[in-house]
Structures are given as structure tokens and as C-alpha cells.
Amino acid sequence: MISRNIVRSLLLVIIMLSLSEEANAQEKSKTEKFEGIPLVEQQLSYAASELTKQPEYSDGGMQGFYTYVYKHFKVPKVNKDMTARIYLSFVIEKDGSMSNIKILRDPGYGMGDEAVRVLKSMDQKWIPGELNGEKVSANYNLPITINITSKK
């Protein structure tokens with residue numbers, strides 16, 4: 001007579017094998033669903049320094065860009081004099097729009113969020129950068145410096 005432990009062990013092995021087969025079948029059916037579907041071309045963005053032609057703000061270049069930012073930036077009330085630097089990163093797309101705006105360094109007091117708000121409010125587009133004569137998306141990192149004078 002076969003002992004109960006051997007029967008239990010055999011049943012356990014059979015269950016594990018059937019679960020393994022089922023998992024393999026599910027995985028195969030997942031991959032089969034994607035066969036025959038063309039791959040989407042990946043959108044690349046380049047560092048601005050890699051480009052043969054740099055992106056340019058369409059309303060007055062970098063001076064126009066900073067003029068817009070300083071005109072629309074709402075300076076927070078701070079009880080001390082300070083120079084704050086906000087470092088931002090964004091992508092200038094092939095169509096000249098800005099996307100993926102991120103705060104890299106925020107001095108606090110809500111200034112990082114305010115800088116993002118101002119950039120998102122810009123109506124003017126950029127002239128996109130080029131790489132070997134072709135318009136490409138470009139990563140851009142910029143500091144925004146705000147001089148704050150407290151009202152004593």
C-alpha cells in the first residue's frame with residue numbers, strides 16, 4: 001500500500017505542474033495578442049546642446065522669454081531679502097509647444113509651482129530646435145532668478 005505522504009507529494013507535484021502550464025498558456029496568449037500590431041515609433045527628445053540649431057522663443061528670443069516670466073510671476077510674500085533660483089526642465093516639442101514641465105530645484109515659498117504656472121500660461125510657442133536640418137523635440141533646463149526685497 002502506498003503511504004499517504006507519497007500520495008500527497010504526488011498530488012502536490014501534479015497541482016504545481018498544472019498551475020505552471022496554465023501560467024505559461026496565459027503568458028503565451030498575452031504575447032499572441034500583440035503579434036501583428038505595428039510598433040509605434042518612439043518619440044525621442046534630445047538635449048538642447050546636441051542640436052545643430054537651438055530652439056528659440058518666438059517672441060523675442062530668450063530675452064522675450066524671461067521678460068514674459070518676470071512680468072507674470074507672482075512673487076510670494078517673504079519676510080527677508082533673498083535671491084531665489086528656480087531650476088526647471090521642459091521639452092520643446094517639434095511643433096514648438098512646451099511639455100513635461102518639471103521643477104528640478106525649488107527654493108520654497110511656492111515659487112517652483114508659480115514658475116510652472118507661468119510657463120503653462122505662455123501662449124507663444126518656440127521655434128523648435130533642429131538636428132541636421134530636421135525639427136526635433138529638445139530637453140531644456142533653465143534657471144529663473146527672482147530677487148525678493150522684503151517690505152519692512
Side-chain angles (χ1 to χ4, degrees), residues 12-13 15-152:
L12 184 60
V13 168
I15 291 171
M16 289 176 64
L17 285 173
S18 69
L19 289 175
S20 175
E21 294 259 338
E22 186 177 325
N24 285 338
Q26 285 177 353
E27 190 62 35
K28 185 177 179 185
S29 71
K30 285 180 189 175
T31 57
E32 287 175 352
K33 289 179 185 175
F34 296 107
E35 289 179 11
I37 298 175
L39 295 176
V40 176
E41 183 180 321
Q42 185 176 355
Q43 174 81 22
L44 295 177
S45 61
Y46 297 88
S49 61
E50 295 179 82
L51 304 180
T52 52
K53 182 180 175 195
Q54 296 294 311
E56 184 179 336
Y57 186 61
S58 62
D59 190 17
M62 289 309 293
Q63 184 171 351
F65 173 82
Y66 280 116
T67 299
Y68 179 91
V69 170
Y70 294 132
K71 183 177 177 182
H72 293 89
F73 191 93
K74 295 177 184 168
V75 178
K77 294 179 181 169
V78 179
N79 293 330
K80 62 180 179 176
D81 292 348
M82 66 185 290
T83 299
R85 282 193 179 80
I86 308 152
Y87 291 88
L88 299 169
S89 169
F90 54 91
V91 176
I92 300 169
E93 300 292 348
K94 292 178 186 180
D95 67 357
S97 64
M98 284 190 295
S99 68
N100 205 22
I101 301 169
K102 295 180 184 176
I103 303 166
L104 299 178
R105 195 177 320 160
D106 185 350
Y109 304 99
M111 287 189 256
D113 291 335
E114 177 61 9
V116 170
R117 183 198 67 77
V118 171
L119 292 187
K120 286 182 176 180
S121 74
M122 297 180 101
D123 291 332
Q124 294 295 323
K125 291 190 174 187
W126 290 70
I127 299 167
E130 294 181 11
L131 183 62
N132 301 325
E134 183 180 334
K135 291 180 181 181
V136 295
S137 298
N139 296 319
Y140 227 82
N141 295 325
L142 285 177
I144 296 175
T145 304
I146 306 293
N147 293 313
I148 299 173
T149 305
S150 65
K151 297 183 173 92
K152 297 178 181 178

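Keep in mind that the numbers below use all heavy atoms, side chains included, and drop hydrogens, waters and symmetry copies. Heads up: numbering here begins at 1 and tracks the sequence.
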With sequence neighbours left out, the residues meeting side chain to side chain donor-acceptor pair (under 3.5 Å) with N139 are S45
d(M111 CE, I144 CD1) to nearest 0.5 Å is 11.5 Å
Output for pair (I92 CD1, W126 CH2), nearest 0.5 Å, gives 4.0 Å
The side chain to side chain donor-acceptor pair (under 3.5 Å) partners of N147 (sequence neighbours excluded) come to T83
key: Stepwise side chain to side chain donor-acceptor pair (under 3.5 Å) check, E93 with S99   = CA-CA 7 Å; E93 300 292 348; S99 68; 2.4 Å; yes
Residues at least two apart in sequence or cross-chain that pass side chain to side chain donor-acceptor pair (under 3.5 Å) with S97, listed by chain then number, are D95
Distance col, row M98:CE vs Q124:CD, nearest 0.5 angstrom, shows 11.0 Å
By side-chain contact (heavy atoms from CB on, under 4.5 Å), K120 pairs with (sequence neighbours left out) I101, V116
Residues at least two apart in sequence or cross-chain that pass side-chain contact (heavy atoms from CB on, under 4.5 Å) with T67, listed by chain then number, are Q63
Residues passing the side-chain contact (heavy atoms from CB on, under 4.5 Å) test with L104, sequence neighbours excluded, are Y87, S89, N141
Sequence neighbours excluded, the answer for salt bridge (charged side-chain N to carboxylate O under 4.0 Å, His left out) partners of E114 is R117
One should read off an interatomic distance between T149 OG1 and M82 CE, to the nearest 0.5 angstrom, of 11.5 Å
P128 meets the side-chain contact (heavy atoms from CB on, under 4.5 Å) criterion, sequence neighbours left out, with K135
Hits for ring-ring contact (aromatic ring centres under 6.0 Å, His included) against Y68, two or more places apart or cross-chain, chain-then-number order -> H72
